[in-house]
Amino acid sequence: AQSVSQHNHHVILSEAASLELGCNYSYGGTVNLFWYVQYPGQHLQLLLKYFSGDPLVKGIKGFEAEFIKSKFSFNLRKPSVQWSDTAEYFCAVWGGTSYGKLTFGQGTILTVHP
Amino acid sequence: DTGVSQDPRHKITKRGQNVTFRCDPISEHNRLYWYRQTLGQGPEFLTYFQNEAQLEKSRLLSDRFSAERPKGSFSTLEIQRTEQGDSAMYLCASSNGLAGLSYEQYFGPGTRLTVT
């Protein structure tokens, strides 16, 4: 069975700091990869996705992620965080199941201090 | 608003009671998913519909759980004889999709169930 591991449970940064959230998955076949974000009081929203092609994908609000197949990783990055990025971030993987169910990591809470 | 909607948003029930949740997906989406999320964890897949057919169920979905999507539009998730361990956020998501392919899923706000 596939699984997803997010390295950090809680990350605390100051505004303008750079961000990298780790995500590793265990599945050897074709994968589609997603990062979702959940702002306080809001529902899960798609931040970015990788299906194929360029392994460096750009999402909304200045976020990007790099798919490194050899490392089974899909780390999320942002060069300069803002207070409004405070949220919980979830990495998710579709790995070979017929109907697209997602396997999520446990989530990383990001707190950005102004 | 044309997003995924769920009702109710919060439900408090006593142990042993039955509860039913409703999900209305984005109207043109043929796939509908139910997930469960507990504190400190990511969403866990429960079950999936393509149109009105329930095509996959997780082992998390015990016999007390049943889901339907009778006309391929809205879906209901019923929990019978609730237990305290059922307390969680129940999330619904929808997407379009062809067999064998994955598409991005759009999530609703969830129904928070508390079993006392």
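Naming: A, B, ... by sequence-line order, numbering from 1 per chain. Only heavy atoms go into these numbers, but all of them, side chains included; no hydrogens, no water, no symmetry mates. None of the values given here were measured: they were computed from a predicted structure.
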Partner of A/Tyr89 by ring pair (Phe, Tyr, Trp, His ring centres under 6.0 Å), out of A/Tyr36, A/Phe63, A/Tyr39, A/Phe34: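 Testing each of A/Tyr36, A/Phe63, A/Tyr39, A/Phe34 against A/Tyr89, the sole residue satisfying ring pair (Phe, Tyr, Trp, His ring centres under 6.0 Å) is A/Phe63.
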
Region of B/Gln37 in contact with chain A, defined by heavy-atom distances below 4.5 Å: side chain

Contacting moiety of A/Gln38, where chain B heavy atoms sit under 4.5 Å: side chain

B/Glu68 atom CD, over 12 foreign heavy atoms within 6.0 Å: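 Count not over threshold, so no.
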
Neighbour count >12 (heavy atoms, 6.0 Å) for atom CD1, A/Ile68: yes

Aromatic ring pairing B/Tyr90/B/Phe21, orientation class (parallel under 30°, perpendicular over 60°, tilted between):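 B/Tyr90 vs B/Phe21 ring planes: tilted.
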
Residue pairs fulfilling side chain to side chain donor-acceptor pair (under 3.5 Å) with at least one residue in residues 8-24 of chain B, sequence neighbours excluded: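 Those involving residues 8-24 of chain B are B/Arg22-B/Asp24.
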
Within residues 40-50 of chain A, residues adjacent to chain B where the heavy-atom gap is under 4.5 Å: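 Residues of residues 40-50 of chain A touching chain B at under 4.5 Å: A/His43, A/Leu44, A/Leu46, A/Lys49.
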
Chain B neighbours within residues 76-84 of chain A, where any heavy atom lies under 4.5 Å away: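 From residues 76-84 of chain A, none sit under 4.5 Å of chain B.
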
is_close_aromatic(B/Tyr48, B/Tyr35), centroid dist under 6.0 Å: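 When the ring centroids of B/Tyr48 and B/Tyr35 are compared, they turn out to be at least 6.0 Å apart.
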
Single hit among B/Arg69, B/Arg31, B/Glu56 for side chain to side chain donor-acceptor pair (under 3.5 Å) with B/Gln50: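 It is B/Arg31; the other options fail the test.
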
B/Thr38 side chain to B/Ala88 backbone, donor-acceptor under 3.5 Å: no

Under 3.5 Å: donor-acceptor pair, side chain of A/Asp54, backbone of A/Leu56: yes

Side-chain heavy-atom pair A/Val4, A/Phe90 within 4.5 angstrom cut-off: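 With C-beta onward as the side chain, the pair stays apart.
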
Between A/Gln106, A/His9, A/Gln6, the one whose heavy-atom pairs under 4.5 Å with chain B are most numerous: A/Gln106

Name each donor-acceptor pair under 3.5 Å that joins a side chain in residues 57-64 of chain B to protein atoms two or more places apart or in another chain, with its distance.
unit_1	atom_1	unit_2	atom_2	d
B/Ser58	OG	B/Phe45	O	3.4
B/Ser58	OG	B/Leu60	N	2.9
B/Ser62	OG	B/Arg64	N	3.3
B/Arg64	NE	B/Glu83	OE2	3.4
B/Arg64	NH1	B/Gln80	O	3.1
B/Arg64	NH1	B/Arg81	O	3.2
B/Arg64	NH1	B/Asp86	OD2	2.8
B/Arg64	NH2	B/Glu83	OE1	3.4
B/Arg64	NH2	B/Asp86	OD1	3.0
B/Arg64	NH2	B/Asp86	OD2	3.3

